[in-house]
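What follows is a single structure, written as structure tokens, with notes after it.
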Amino acid sequence: MLVSEPASPKRENTISNPESSPKHSESGTSDESSGTLRHRLLGPSIQKSGQDGVNQAAVSEIIYQASQGSKYFEHQKRKEKELTKKVESIVKQAAKVSNQELEAAEVRVDALIRQYEATRDLTQTIVHVDCDAFYASVEELDHPELKSKPFAVGKGVLCTCNYVARKFGVRSAMAEFVAKKICPELIVLRLNFPKYIEKSNAIRMILSEYDPRHCAMTLDEAYLNITEYCANMNKDREEVVSEMRRRIFETTGLTVSAGIGPNSRVAKIASNVNKPNGQCAIANDREAVMEFMCNLPVRKITGIGYVLERQLLALDVNSCGEIYRKSALLYQIFTDTTMTFLLNCYLGLGSTEVKPIDQYERKSVGCERSFRAISDMAQMKQKLQHVAEDLEKDCKRLNLAGRKLGLKLKKATFEQISRQRPMPRPINTASDFYRYGLQMLEKELPITVRLIGLRITDLVNLSHEGPMKTFLKGQRRHNDRLEDEPSTSMNIHAEFKELFDGSPDMHDDEEIGELVMIIQGSQEEDASGVIDDYRSSAKATAARDIKNEYELQHNTATPLMPVPESESLPLSTDSGDSATALVSCPICGNQVSADDQALNHHVDWCLSRGAIREAVKETFN
DNA sequence: GCGGATCAC
DNA sequence: TATGGTGATCCGC
Ligand SMILES: Nc1ccn([C@H]2C[C@H](O)[C@@H](COP(=O)(O)OP(=O)(O)OP(=O)(O)O)O2)c(=O)n1
């Protein structure tokens with residue numbers, strides 16, 4: 001045996017009558033799930049910090065009244081009804097599981113637990129840093145008078161709000177008009193991304209001193225591995241994090257909260273414990289970790305959202321520890337992946353590896369816009385065109401093309417539809433996006449929509465490995481082959497153009513199709529080194545804010561971050577080394593490969609956008 | 001492989 | 001009057 005048996009707080013191995021339906025007992029009649037519907041409308045933030053003194057019942061009532069009758073409300077109601085049905089079916093299914101089946105499942109679960117337990121690594125110190133009410137806090141720096149007033153940041157829908165506003169029950173993702181009913185004095189500021197990016201970069205600069213390979217997930221969140229730093233400095237980890245937070249505050253005026261633990265999952269959850277402006281450390285000790293996880297409400301676990309929470313609660317699993325108590329039953333009900341996820345949560349296991357964000361490869365890029373519901377084809381074409389143009393800008397900035405195009409529609413009823421098609425060749429121009437998008441849209445007519453979106457997947461990185469290598473491969477390929485395809489030389493020309501310009505233009509269709517075939521052979525494997533498993537969502541999401549935020553603000557896809565992604569990175573599959581040298585980009589502060597070519601390429605990008613950003617800033621000041 | 005759903009932020 | 005945008009992953013066909 002590799003590991004000792006987990007401290008097992010006994011497990012239920014007999015059927016304990018399912019139904020005493022814990023929460024709101026839904027009598028099957030349609031509208032009587034108004035209890036859970038209120039819960040749904042309240043959104044996820046009820047369990048977030050700053051909600052202590054809030055009169056949830058009163059807030060919930062106002063939200064309910066304000067929403068009632070709207071299309072959105074009706075849609076939520078439908079979804080809630082479906083979920084309730086699903087939950088009831090699960091409960092029924094649970095009741096049918098025999099004791100014999102439970103005993104068999106127990107054996108399997110125990111085997112799984114031993115297997116996962118064997119992977120436990122308590123040698124690393126992982127930190128999760130999370131800025132407090134980030135956008136709002138940045139705004140307070142410029143508007144100190146707002147500190148004592150309830151205010152939020154966003155437009156139409158709130159992105160976040162300060163803690164004063166949270167006392168009223170205001171929260172992120174809430175509709176602005178609803179928020180103002182809850183808190184009539186609420187001030188709502190527009191987003192100002194250049195400011196947030198600047199502050200975020202200042203923070204990342206400090207983080208780099210503690211872990212040059214830190215992983216910045218978004219503008220306001222990052223993981224660090226401070227094992228080495230602590231050892232080198234011979235300092236206690238809590239002292240180190242405390243000092244890091246103090247330095248961040250002193251240089252930026254922003255407060256951050258932090259979680260410290262043996263892996264990213266524990267660190268992430270811990271960072272919420274003493275928010276705002278606090279930290280929480282979980283000892284690198286199995287018992288300490290298990291105890292910390294044990295009493296957590298399941299909804300606090302990253303990856304357990306509203307739906308899974310409902311299902312777990314219905315099975316009488318309220319806390320993380322109860323996952324074990326009911327594990328045999330859960331095994332019979334949930335998929336293997338979900339079961340693995342849940343058991344790893346119960347055990348407090350997670351990733352101990354922190355990799356800089358540029359080692360993750362983007363898998364898709366898309367654009368979508370909401371608007372007043374329309375059904376007129378001319379208007380829809382106009383929206384589609386707009387989205388296509390925006391998507392082209394992003395493709396250009398990222399130097400990507402896609403082999404598949406997806407169309408997303410949201411009907412006036414809020415029902416969503418998505419269609420996806422392989423393209424004859426990788427595409428990255430607005431005209432192609434529009435052309436093929438329109439074909440898909442036409443098949444859905446007649447329709448009334450309130451949102452149109454386009455997304456490409458199966459991406460092709462047109463600057464993969466940098467120009468020179470690609471050029472050489474192109475040469476080889478060109479010589480190897482005799483058949484058709486007229487534009488090989490054009491294609492090579494395109495690469496040279498990039499080499500000299502530093503800022504490649506969109507390639508023509510033919511060129512791209514060609515280029516792709518060349519690059520094809522050199523496609524690398526996914527640099528998949530995940531922070532935790534699938535529900536941890538700690539994947540390559542860093543590019544998101546930057547694109548998102550900048551465009552939301554300016555409606556122009558200015559190159560903000562080249563995000564070199566996996567460009568010029570060694571395969572991580574070969575043995576252990578792969579410790580690519582990294583440096584902080586002096587311009588944007590992000591971690592990039594120290595490799596000369598990659599670095600220069602990246603810096604060029606940053607510089608080229610610098611002027612634009614400055615201009616934008618001026619406009620705003 | 002596609003479309004629907006769920007989740008994070 | 002009225003409820004966002006980007007990206008990832010999983011599941012069931
Ligand atoms: N539905 C959401 C949730 C969040 N965000 C954005 C705005 C937030 O400022 C940022 C970070 O989100 P957090 O969940 O970390 O929340 P905050 O940092 O705003 O506050 P806190 O962490 O103090 O609770 O992500 C968003 O656009 N849409």
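The figures that follow rest on heavy atoms only: side chains count, while hydrogens, waters and symmetry mates do not. Since the structure is predicted, the reported quantities are computational estimates derived from the model, not experimental observations. Below, chain A is the first sequence line, B the second, and so on; all start at residue 1.
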So what does [X] touch, heavy atoms closer than 4.0 Å: a base, only the sugar-phosphate, or nothing?
X      : answer
A/L158 : nothing
A/Q420 : sugar-phosphate
A/K404 : sugar-phosphate
A/F73  : nothing
A/T160 : nothing
A/G156 : nothing
A/R419 : sugar-phosphate

Rounded distance (Å) that lies between atom [atom2] of [N] and atom [atom1] of [X]:
X      : N      : atom1 : atom2 : value
A/L308 : C/dC11 : CG    : P     : 11 Å
A/R450 : C/dG5  : CZ    : P     : 9 Å
A/K79  : C/dT3  : NZ    : C1'   : 13 Å
A/M174 : B/dC9  : CE    : C1'   : 17 Å
A/L405 : B/dG3  : CG    : P     : 12 Å
A/D458 : C/dT9  : CG    : P     : 13 Å
A/R310 : B/dA5  : CZ    : P     : 16 Å
A/E221 : B/dC9  : CD    : C1'   : 7 Å

State which of [options] makes the closest approach to the side chain of [X].
X      : options             : value
A/R299 : B/dA8, C/dG4, B/dC9 : B/dA8
A/I417 : C/dT6, B/dG4, C/dA2 : B/dG4
A/D220 : B/dC9, C/dG5, C/dA8 : B/dC9
A/S370 : B/dT6, C/dG5, C/dG7 : C/dG5
A/R369 : C/dT3, C/dT6, C/dG4 : C/dT6
A/S418 : B/dA8, B/dG4, C/dA8 : B/dG4

Just grab all the salt bridge (Lys or Arg N to Asp or Glu O under 4.0 Å) pairs involving residues 451-460 of chain A, residues at least two apart or on different chains.
-> A/K404-A/D458

Indicate whether OP1 or OP2 belonging to [N] is found under 4.0 Å from a side-chain N or O atom of [X].
X      : N     : result
A/R362 : C/dG7 : yes
A/T337 : C/dT9 : no
A/S364 : C/dG7 : no

A/A152: partners by side chain to side chain contact (heavy atoms under 4.5 Å, CB included), with sequence neighbours left out | A/L158, A/C161, A/L186

Considering only heavy atoms and no angle criterion, is a donor-acceptor pair shorter than 3.5 Å present between the side chain of A/S70 and the base of C/dT3?
-> no

With a 4.5 Å limit on heavy-atom distance, are the side chains of A/L330 and A/Y346 in contact?
-> no

Under the 6.0 Å and 45° cation-pi test, does A/K383 pair with A/F371?
-> yes

If you measure from the Lys or Arg side-chain nitrogens to the Asp or Glu carboxylate oxygens, is any gap between A/K199 and A/D220 under 4.0 Å?
-> no

